[in-house]
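As a basis for the values below, the full set of heavy atoms in this structure was taken, side chains included, without hydrogen atoms, waters or symmetry mates. Just so we're on the same page: letters track the sequence lines, and every chain starts at 1.
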Protein chains: 2
Amino acid sequence: MNKRQFKDGVYSELAKITKSLANPHRLEIIELLAQGDCPVEQIAEQTHLSVANASQHLQVLKAAQLVDVDRKGNFIHYKLANENVFQTWKALRELGVERIAAVEKLVKDFRKSKFDFVSVTIDELVKKIDTGRVTLVDVRPESEYKKGHIADAISIPHDQLSQRLKELPKRTEIIAYCRGPFCVFADEAVALLRKAGYKASRLEEGFPDWKLQKLPVEVSVN
Amino acid sequence: MNKRQFKDGVYSELAKITKSLANPHRLEIIELLAQGDCPVEQIAEQTHLSVANASQHLQVLKAAQLVDVDRKGNFIHYKLANENVFQTWKALRELGVERIAAVEKLVKDFRKSKFDFVSVTIDELVKKIDTGRVTLVDVRPESEYKKGHIADAISIPHDQLSQRLKELPKRTEIIAYCRGPFCVFADEAVALLRKAGYKASRLEEGFPDWKLQKLPVEVSVN
DNA sequence: TATCTATTCAAGAACTTTATTGAATAGATT
DNA sequence: AATCTATTCAATAAAGTTCTTGAATAGATA
């Protein structure tokens, strides 16, 4: 094998991986799987795809070895092959927000129009936890909370929040978090909480970002 | 705009960026531009593409805002839009090497078959520079050296090395570096040096990786 | 102003990717 | 062993990507 063949080989393999990521639905699937493993049907539902279509996208990710499968009873669970997959998605996400005005505009317009408040970064949250009292609320679906959540966070899924406000303290600051910067659950939660007189803000990033930094995590085993 | 439209918008913008990276030639172009800005014709030559084809690929990268243009006299120079672009390429590269056996095999087979020696990581090189004496040789084309190189490195382009061996000390350790882990210039240099009785190894990563870590860099201004 | 030249554009053929549909499969459960 | 069911496969039409070729352009030099 000569030099050129070697280079062509390497770059074409890397392009294959990149291609497997280069689709809006597959990026959304990666973000979803970063919350924990998940059967096909749930992925299809969450991403608004048909099951057959979701399955096909998962096959593409599997062929690129970005996801692994696990059979659990009647269901087949998919999961990210390793941390590096989320890391790469994070790099792409950040590149997008920084480089592409369209993405930043989408995010800002949507957020600012409906939810006019600032968010807290992971670093800021760590300081807050160290120095003061904070109530952490995980507003993702309970199944995702169970698969892993920030230590000491309580689970109140976004669609149950209005009925469960009493569980939250009025005095201490509340930080809501969800899947990631493009997930709206936390924004909706904060809007609701503020309207009800609570002192609340959202975490800018999501649970997978917290976990990637090796910060304390808890799992609810079934 | 509702939640679903927002998500669809964001993921499809991010997928557009990812698609612009998802091609072997464009990945190679990114790696080349990470060495410093460069006119179209040189990019075409280095990547073995026709000029028209290289230009088209550059248009794709430009549309995704991953590269910027600068006119210099008669030539149009392309450059990476910012550090994050290289960062993302690096994440993809590492994901590839870690996840895809095919990539690792290609690299190992090619290297091990022709160049049977271990490489030095950036961290190890930093320590070596601190504690001992090391001669650093930049074996990339001189134009790339001029656009930026590791501090105190000397330039001996790979194709001139055999005639310029006398410039190098026989006693102190020599570390050769080039564009990155998939670049073969440094391997060839080390093979040649060892055969001639020098104590030499290659840097595993390349100059852009060194620069990304904010380690000391020099530029030869023209 | 005319010429030169690096780069881009445009059109088209070959190939790849995607969503949809309905059938097939493989592994549990009964 | 028979049935059930979550998932995958296969075929197809529509849309997108890529390389090649040769012409067009825009900005510099003369």
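Between B/H158 and B/F185, the angle of the ring planes stays under 30°, which puts this pair in the parallel group of the 30/60° scheme.
Legend: residues meeting side chain to side chain contact (heavy atoms under 4.5 Å, CB included) with A/A189, ordered by chain and number and at least two apart, are A/V139, A/L161, A/A176. Remark: A/E94 engages A/K90 in a side chain to side chain contact (heavy atoms under 4.5 Å, CB included) (not counting sequence neighbours). Judged as a ring-ring contact (aromatic ring centres under 6.0 Å, His included), and not counting sequence neighbours, A/F207 has no contacts. Every residue two or more places apart in sequence or in another chain that forms a side chain to side chain contact (heavy atoms under 4.5 Å, CB included) with B/S155 is listed here: B/E142, B/Y145, B/P157. Residues passing the side chain to side chain contact (heavy atoms under 4.5 Å, CB included) test with B/E45: none are found, sequence neighbours excluded.
Only B/N74, B/F75, B/I76, B/Y78, listed by number, bring a heavy atom of residues 71-78 of chain B to less than 4.0 angstrom from any atom of DNA chain C. Within residues 52-62 of chain A, the residues that place at least one heavy atom under 4.0 Å from DNA chain C are, in residue-number order, A/A52, A/N53, A/Q56, A/H57. Near DNA chain C, defined here as any heavy-atom distance below 4.0 Å, there are no residues from residues 34-51 of chain A.
Taking 4.0 Å as the cutoff to heavy atoms of chain A, we find the contact window on DNA chain C bounded by C/dT17 to C/dA28.
Legend: side chain to side chain donor-acceptor pair (under 3.5 Å) pairs involving residues 74-84 of chain B, not counting sequence neighbours, sorted by first then second residue: A/E98-B/N82, A/E98-B/N84, B/D37-B/H77, B/Q59-B/Y78, B/D70-B/K79, B/E83-B/K214. Identified under the salt bridge (charged side-chain N to carboxylate O under 4.0 Å, His left out) test for residues 177-193 of chain A, with sequence neighbours left out: A/R111-A/D187, A/E144-A/R179, A/D187-A/R202, A/E188-B/K3.
Counting heavy-atom neighbours within 6.0 Å of B/K211 NZ, excluding the residue itself, gives a total of 12 or less.
No side-chain heavy atom of B/D152 sits under 4.5 Å from any side-chain heavy atom of B/L136.
When the C1' atoms of four end pairs are superposed on the next four at each end of the helix from C/dT1-D/dA30 to C/dT30-D/dA1, using five pairs per end, the two resulting axes differ in direction by 30°, to 10°.
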